[in-house]
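Let me begin by presenting the structure, written as structure tokens, before commenting on it.
Being a predicted model, the structure only gives us computed values, none of them experimental.
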There are 2 protein chains.
Amino acid sequence: MTLRHAVLAALLDEERSGYQLAKAFDMGVANFWYAKPQQLYAELTRLEQGGLVSGREVVQAGRPNKRLFTVTDTGLAELEEFTAAAAKPSVLRDDLMVKVQAADSVDTDHLIARLTERIGFARTKAELFEHLLRTMRGDRSEEDFLLHGRPIGPYLTCLRGLAFERGNLDWGERAIAVLRARQDRPKTRDAEGDDR
Amino acid sequence: MTLRHAVLAALLDEERSGYQLAKAFDMGVANFWYAKPQQLYAELTRLEQGGLVSGREVVQAGRPNKRLFTVTDTGLAELEEFTAAAAKPSVLRDDLMVKVQAADSVDTDHLIARLTERIGFARTKAELFEHLLRTMRGDRSEEDFLLHGRPIGPYLTCLRGLAFERGNLDWGERAIAVLRARQDRPKTRDAEGDDR
DNA sequence: TATGACTACTCACTTTCTTGAGTATCATGG
DNA sequence: CCATGATACTCAAGAAAGTGAGTAGTCATA
């Protein structure tokens, strides 16, 4: 039930509409969580019913009206409580890992294709994060921003996101190099005969 | 529906019982996926019904009998197909990120406590992975293993797991340092009054 | 003038994940 | 001799997450 808290956290520094949230959570700009629009609208409804956020209708000319949501004091209290409780250890849960785990039994070219995809994706995201970080800190240095800038939460999660994507990148390149090298020289020494 | 494939991948290099799988997936030794015992038993049943794995009863003295599962050719084909399809971009989905995202509105000491927990956890896992890697490669060097050793899949995923945990570690320490420094000097310069 | 793209959102449904409880046997230690 | 813990699983229920399809108006492009 963390989507709930992720939404609260996303509304903290600015009131937003469901649609805006949807954009952010879908594009992965919200580097700390991911969700589909439908989930967000549903969650916002629940949060509003529970009094954790409050929405106000904004009438717009030339486009549909929208509802902007803000976190209430109850919502803040909920977040506080959530933070006070132990976080569950994060686990990597990743399609690509499963595929690589099966590397010995599966077509190497396919695998390299998947890794290449991932590298491209990681590179794009890394650039996006770098851009976001620059935007957040404006003209000051990173050290300066980390000490005095605001909001610091999004900056820190963005840093993690960036490191994560760089990790994807490095690992992906390494894995491809390894798989290629093994492809060129399929069997040597101890790898003779069998496998499965 | 990737648990399905994760189970197949885990059965590749050795036949295993549901119980063994459960241990591995629960402890996070299976660094590429995570699942509860009940899920695994359920999944194994489904896989067997679909003919993707086959189980054989092993009668044991002094303890309950168990069923060991192997991947069938159909199962291998399924994995192959799975690998051929594009992987969905992995996303960080992590309680702790949500908490840090809310850093500006939430108690800093709580947050530091959560980060400290995570660091401890990451350190343990990193050591576990290092140990696993050493065990897998035996007395040879990493380069040597990467080129000639087997199975290579688990080694590669383990490398990713290790890098990931090191990333957690570094980031966690950085974040704590930042939060502490800001706590000591809560408002300076540009941070007065307003924010963002 | 219709085609697609963007804003803004809703409904209904399915799959997946998580939780809690329960069964049964054997080995170990106090 | 009784408690604890490991092995080896099953059943049932619920919460969370994900999917597909649909509505409806506006705007720019072709």
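When each of A/Val106, A/Leu111, A/Asp107 is checked for a side chain to side chain contact (heavy atoms under 4.5 Å, CB included) with A/Asp109, only A/Asp107 meets the rule.
Atom CZ of A/Arg180 is separated from atom CD of A/Gln183 by 7.5 Å, given to the nearest 0.5 angstrom. Between B/Leu147 atom CG and B/Arg140 atom CZ the span is 10.5 Å, to the nearest 0.5 Å. The distance from the CZ atom of B/Phe69 to the CD atom of B/Glu15 is 10.5 Å, given to the nearest 0.5 Å.
Taking five base pairs at each end of the helix from C/dT1-D/dA30 to C/dG30-D/dC1, the local helix axes there meet at an angle of 30°, rounded to 10°.
In terms of modelled atom types and a separation under 3.5 Å, the side chain of B/Arg114 and the main chain of A/Thr83 share a donor-acceptor contact. At least one donor-acceptor pair under 3.5 Å links the side chain of A/Thr72 to the backbone N or O of A/Leu52.
A salt bridge is defined here as a Lys NZ or Arg NE, NH1 or NH2 lying under 4.0 Å from an Asp or Glu carboxylate O, and A/Lys99 with A/Glu117 fails to meet this definition.
Classified by interplanar angle (parallel below 30°, tilted 30° to 60°, perpendicular above 60°), the ring pair A/Tyr155/A/Phe145 is tilted.
B/Tyr41 belongs to a hydrophobic cluster with B/Tyr19, counting contacts under 4.5 Å between side-chain heavy atoms of Ile, Leu, Val, Met, Phe, Trp and Tyr, direct or through other members.
Distance CG (A/Asp26) to P (D/dG20): 13 Å, rounded to an integer number of Å.
Applying the side-chain hydrogen bond (donor to acceptor under 3.5 Å, both in side chains) rule to A/Glu173 yields the partners A/Arg123; only residues at least two apart in sequence or on another chain are considered.
Between B/Val98 and A/Ala9, the closest heavy-atom pair is O-CB, 3.9 Å.
More than 12 heavy atoms of other shown residues, nucleotides or ligands fall within 6.0 angstrom of atom CZ in A/Arg137.
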Give me the distances for all protein-to-nucleotides 14-18 of chain D N/O pairs that come in under 3.5 Å?
residue	atom	partner	partner atom	Å
D/dA17	O3'	B/Arg93	NH1	3.2
D/dG18	OP1	B/Arg93	NH1	2.9
D/dG18	OP1	B/Arg93	NH2	3.1
D/dG18	OP2	A/Gln39	OE1	3.4
D/dG18	OP2	A/Gln39	NE2	3.4
D/dG18	OP2	B/Arg93	NH1	3.4
D/dG18	OP2	B/Arg93	NH2	2.4

Which protein N or O atoms sit under 3.5 Å from an N or O of nucleotides 2-4 of chain D?
none

Dump every N/O contact between nucleotides 7-12 of chain C and the protein below 3.5 Å, one line per pair.
residue	atom	partner	partner atom	Å
C/dT7	OP2	A/Tyr19	OH	2.9
C/dA8	OP1	A/Gln60	OE1	3.1
C/dA8	OP1	A/Gln60	NE2	2.2
C/dA8	O3'	A/Asn65	O	3.2
C/dC9	OP1	A/Arg67	N	2.6
C/dC9	OP2	A/Tyr19	N	3.4

